[in-house]
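What follows is a single structure, written as structure tokens, with notes after it.
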Amino acid sequence: MIHIACCSNEKMAPMFGVVMTSVGVNVKSDDVMLYLLHNGLKVKTIKRLNEISRRYNVSLRLMEIDSNILKHCPVDANIHYADIMMYARLLLPTMLPDLDKVIYLDCDLVVNSDLKELWDFDVNGVAVAMAPDHLYKDATTLERLKMTNGEYLNSGVIVMNLEYWRKHNVQNRVLAFIEENGKQLIYFDQDALNVTLQNERRKLPIKYDYTPYHLFRNLDNFPSEINEEICKARTAPTIFHYMGPTKPWSLGSYVPGKELFKKYQRLSG
């Protein structure tokens, strides 16, 4: 069985429904168990999510968190990604005590093919595997975070070694870093994961976290050694992540890859 976790508030719950639909349509190699960590959902929202899970034969477990656990984590209502639920992924090792591994997915993405290879990705001896972030990584980001290895990874898709997290106290280490450095964090949990785990992680192929940035930017904007990987992923990304301030569900917006989101949105009902 493939175990997948997402985190959402009431506002993002319809987008989680689209994620769940895309998983149900494309993941055929194994049974799927989907966990949704949330901080309170309406009864009608829960009913609609359960309808989608039955329609696409995806097991769904809704898990409400105690937001007080994250009370020291900074948020910003003026930033689209800065809601308290962005930190909930850090609670997965304790929320899922019987699992050794889980795939974490943001709610602003769609799964476009089977996830068997991603599930089988080797995370032995490390805390996480994440894909390179070519939108927010620049010299300023690395200097601000005092990162020495030059790799800034995106936290929208994570293969999490939950056993490693529990053994090495990763959850408390990351939350402590956030509490201590919150005012200096721009990308919040993502910044914290990059700094805290810079020597405890592996890099995922770009096809697992493909973005509009990869689709519309000229290849000259990327390191030459990954140009072939980007071109290959353009035809059939495993996961398309709508990273950035403009989302495919925003009224009147155009985002490269929007038609893919609309496809699964229609199927979700």
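In this chain, numbering begins with 1 at the start of the sequence shown. These figures come from a predicted structure and were not determined experimentally.
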Output yes when E229 and R234 qualify as a salt bridge under the 4.0 Å nitrogen-oxygen rule, no when they do not. no

Decide side-chain hydrogen bond (donor to acceptor under 3.5 Å, both in side chains) for N112 and Y264; before the verdict, give the C-alpha distance in whole Å, the side-chain angles of both, and the deciding distance to 0.1 Å. CA-CA 9 Å; N112 195 44; Y264 294 113; 3.1 Å; yes

Side-chain donor-acceptor pair present, D114, S29, cut-off under 3.5 Å: yes

Would you call the rings of H3 and W119 parallel, tilted or perpendicular, where under 30° means parallel and over 60° means perpendicular? tilted

Is a donor on one side and an acceptor on the other found under 3.5 Å between the side chain of H168 and the backbone of W165? no

Between E151 and R202, does at least one N-O distance fall below 4.0 Å, as a salt bridge requires? no

For atom CG of N57, is the number of surrounding heavy atoms from other residues, nucleotides or ligands below 6.0 Å larger than 12? no

side-chain contact (heavy atoms from CB on, under 4.5 Å), that's the test. Do L37 and E64 meet it? Break it down for me. CA-CA 6 Å; L37 274 58; E64 187 168 0; over 6 Å; no

Distance from N68 atom CG to N39 atom CG, nearest 0.5 Å? 11.0 Å

Side chains of V25 and T21, heavy atoms from C-beta outward: is any pair under 4.5 Å? yes

Separation of Q171 CD from L91 CG (nearest 0.5 Å): 5.0 Å

Answer yes or no: are there more than 12 heavy-atom neighbours, outside K203 itself, under 6.0 Å from its atom NZ? no

Quick check for you: to the nearest 0.5 Å, what is the distance between I84 atom CD1 and F188 atom CZ? 10.0 Å

Side chains of L105 and F16, heavy atoms from C-beta outward: is any pair under 4.5 Å? no

To the nearest 0.5 Å, what is the distance between CG (L145) and CG (L185)? 7.0 Å

Between L41 and L36, the two heavy atoms sitting closest are CD1-CD2, 4.0 Å

Is any side-chain heavy atom of D30 closer than 4.5 Å to a side-chain heavy atom of K116? yes

Between Q184 and D191: side-chain donor-acceptor atoms closer than 3.5 Å: no

Can you name the residues that form a side-chain hydrogen bond (donor to acceptor under 3.5 Å, both in side chains) with R55, not counting sequence neighbours? none

Under a 3.5 Å distance rule, please check whether Y210 uses its side chain to pair with a backbone N or O of I230 as donor and acceptor. yes

Just checking, is any N or O donor in the side chain of Y208 or N154 under 3.5 Å from an acceptor N or O on the other one? no

Looking only at heavy atoms, the pair that brings I178 and A192 closest together is CG1-CB, 3.4 Å

Should M15 and M20 count as side-chain neighbours, where that means a heavy-atom distance under 4.5 Å? no

Could you tell me whether K28 atom NZ has more than 12 heavy atoms of other residues or ligands within 6.0 Å of it? yes

Joint hydrophobic cluster, V43 plus L62, side-chain heavy atoms closer than 4.5 Å: no

Within-4.5 Å side-chain heavy-atom neighbours: L118 and V157: yes

Would you call Y56 and S268 a side-chain contact if the rule is heavy atoms closer than 4.5 Å? no

Run the numbers on K71 and E179 for salt bridge (charged side-chain N to carboxylate O under 4.0 Å, His left out), then give the verdict. CA-CA 9 Å; K71 63 183 178 182; E179 183 175 352; over 6 Å; no

Side chain to side chain, I158 and I103, heavy atoms closer than 4.5 Å: no

Closer than 3.5 angstrom, by distance alone: can the side chain of N194 be matched with the main-chain N or O of L153 as a donor-acceptor pair? yes

Any pair with a residue in residues 40-52 that passes side-chain hydrogen bond (donor to acceptor under 3.5 Å, both in side chains), sequence neighbours left out, goes on the list, sorted by first then second residue, please. E10-T45

Can you name the residues that form a side-chain hydrogen bond (donor to acceptor under 3.5 Å, both in side chains) with S253, not counting sequence neighbours? none

Is the side chain of Y242 donor-acceptor paired with the backbone N or O of G257 at a distance under 3.5 Å, no angle test? yes

Does the side chain of I65 come within less than 4.5 Å of L70's, by heavy atoms? yes

N-O pairing of R89 and D106 below 4.0 Å: yes

Y213 and D133: side-chain contact (heavy atoms from CB on, under 4.5 Å), yes or no, with the steps? CA-CA 10 Å; Y213 183 70; D133 190 320; over 6 Å; no

Answer yes or no: are there more than 12 heavy-atom neighbours, outside Q198 itself, under 6.0 Å from its atom CD? yes

Would you call K247-D108 a salt bridge at under 4.0 Å N-O? yes

Separation of M1 CE from D31 CG (nearest 0.5 Å): 4.5 Å

Show the nearest heavy-atom pair for residues T211 and F240, with the distance to one decimal. C-CZ, 3.9 Å

CG of L96 to CZ of R166, rounded to nearest 0.5 Å, is 8.0 Å

